[in-house]
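All remarks here apply to the structure that follows.
If you're wondering where the values come from, they're calculated on a predicted model, not measured in any experiment.
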Amino acid sequence: QVEVVESGGGLVQPGGSLKVSCAPGGRDFDASVMGWYRQTPGNERELVAQMFSDGRIEYADFAKGRFTIARGNGKNTASLQMSSLKPDDTAVYYCTADIGDGPLTLRIWGQGTWVNVSS
């Protein structure tokens, strides 16, 4: 199956840093876009950051200056380095991989990794 798996979540103190990573859990694939979303209970998933195959990056406003997305192999791996973490950053963080481009794009979602920012 085509899937991505997140890792690296955990408990971190406010002001601390944490890095979450994403890698294929099944067969190999080539992603046009790798991204990170997050979700808290009862809320919709929101974009954290995404990185395109040409290196372009988009960040949510809350992530700018604090979070850094990177693509490890330029194809299907990604990481999110989070710094200056706040309690509001507590969420399940999901990795996404987009296969294709345009209306036929398939978005693959990971199962998520929990990030808990608390003292």
Side-chain angles (χ1 to χ4, degrees):
Q1 298 293 323
V2 175
E3 61 181 15
V4 290
V5 179
E6 303 93 339
S7 62
L11 177 65
V12 61
Q13 296 184 28
S17 299
L18 195 68
K19 182 180 180 180
V20 292
S21 299
C22 175
R27 69 177 179 89
D28 194 22
F29 62 89
D30 192 356
S32 57
V33 183
M34 297 292 295
W36 287 95
Y37 286 72
R38 71 183 188 184
Q39 184 175 27
T40 57
N43 296 318
E44 297 181 355
R45 294 183 186 182
E46 61 180 343
L47 174 70
V48 178
Q50 59 184 345
M51 189 170 186
F52 301 86
S53 58
D54 63 1
R56 291 180 293 117
I57 299 174
E58 295 181 2
Y59 289 103
D61 286 342
F62 65 80
K64 294 178 180 176
R66 298 192 299 127
F67 296 180
T68 302
I69 187 173
R71 296 182 65 161
N73 62 5
K75 186 173 69 173
N76 55 20
T77 65
S79 66
L80 183 71
Q81 177 65 54
M82 299 178 285
S83 300
S84 301
L85 285 163
K86 308 172 183 178
D88 286 349
D89 294 321
T90 297
V92 177
Y93 284 73
Y94 296 90
C95 175
T96 63
D98 290 354
I99 302 175
D101 190 18
L104 297 180
T105 298
L106 175 65
R107 172 158 289 179
I108 305 299
W109 291 86
Q111 296 186 53
T113 185
W114 177 251
V115 174
N116 186 14
V117 185
S118 179
S119 298

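Taking both residues in full, the closest heavy atoms of Leu80 and Ala49 are given as CD1-CB, 4.4 Å, listed atom of the first, atom of the second, then distance. Across all non-hydrogen atoms, the minimal contact from Arg71 to Ser32 is NH1-O, 3.3 Å. Residues Ala31 and Ala97 come closest through the heavy atom pair CB-CB, 4.0 Å. Taking all atoms of both residues into account, the shortest heavy-atom contact from Cys22 to Val4 is SG-CB, 3.6 Å. Here the shortest heavy-atom pairing between Val48 and Ala63 reads O-CB, 3.7 Å. Here the shortest heavy-atom pairing between Tyr59 and Ile69 reads OH-N, 3.0 Å.
Using modelled atom types and a 3.5 Å distance limit, the side chains of Thr105 and Asp101 yield no donor-acceptor pair. Under 3.5 Å, the side chains of Arg38 and Tyr93 contain a donor-acceptor pair of N or O atoms. Judged by distance alone, the side chains of Asp30 and Asn76 never bring a donor and an acceptor atom under 3.5 Å apart.
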(message) The test is side chain to side chain contact (heavy atoms under 4.5 Å, CB included); show your working for Phe52 and Met34 and say whether it passes.
(response) CA-CA 7 Å; Phe52 301 86; Met34 297 292 295; over 6 Å; no
(request) Start with the C-alpha distance between Gln81 and Ser17, add both sets of side-chain angles, then the distance that settles side chain to side chain contact (heavy atoms under 4.5 Å, CB included), and finish with yes or no. (result) CA-CA 7 Å; Gln81 177 65 54; Ser17 299; 3.8 Å; yes
(message) For Tyr94 and Thr113: C-alpha separation, side-chain torsions, deciding distance, then whether side chain to side chain contact (heavy atoms under 4.5 Å, CB included) applies.
(response) CA-CA 7 Å; Tyr94 296 90; Thr113 185; over 6 Å; no
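Here the CG-CG distance, from Leu85 to Asn116, works out to 10.5 Å after rounding to the nearest 0.5 Å. The CG atom of Asp88 lies 10.0 Å from the CZ atom of Phe62; values are rounded to the nearest 0.5 Å. Rounding to the nearest 0.5 angstrom, the gap separating the OG atom in Ser79 from the NZ atom in Lys19 is 4.5 Å. Here the CD atom belonging to Glu3 is positioned 7.5 Å from the CD atom belonging to Gln111, to the nearest 0.5 angstrom. One distance of note links OG of Ser21 with CD of Glu6; it measures 10.0 Å at 0.5 Å rounding. One finds the CD1 atom of Ile57 at 4.0 Å from the CE atom of Met51 (value rounded to the nearest 0.5 Å).
Within the 4.5 Å cutoff, side-chain heavy atoms of Trp114 are placed close to those of Thr90. With contacts defined as side-chain heavy-atom distances shorter than 4.5 Å, the pair Val115/Leu18 qualifies. For the pair Asp98 and Leu106, the minimum side-chain heavy-atom distance is 4.5 Å or more. Side-chain contact check for Asp89 versus Phe67: some heavy-atom pair is nearer than 4.5 Å. Contact annotation: the side chain of Gln13 never approaches that of Ser118 to less than 4.5 Å [non-hydrogen atoms, C-beta and beyond]. Inter-residue side-chain proximity for Ser7 and Val20 is flagged as unmet; no heavy-atom pair is nearer than 4.5 Å. Within the 4.5 Å cutoff, the side chain of Lys75 has no heavy atoms near those of the Phe29 side chain. Side chains of Arg66 and Lys86 form a contact here, defined as non-hydrogen atoms less than 4.5 Å apart.
Both Trp109 and Val92 belong to a single network of hydrophobic side chains, linked directly or stepwise wherever heavy atoms of I, L, V, M, F, W or Y lie under 4.5 Å apart. Cluster membership for Val33 and Ile99, using ILVMFWY side-chain heavy atoms within less than 4.5 angstrom, is not shared.
In this structure, Gln39 places its CD atom where more than 12 heavy-atom neighbours from other residues, nucleotides or ligands lie under 6.0 Å away.
Remark: the backbone N or O of Gly26 is not paired with any side-chain donor or acceptor of Gln1 at under 3.5 angstrom.
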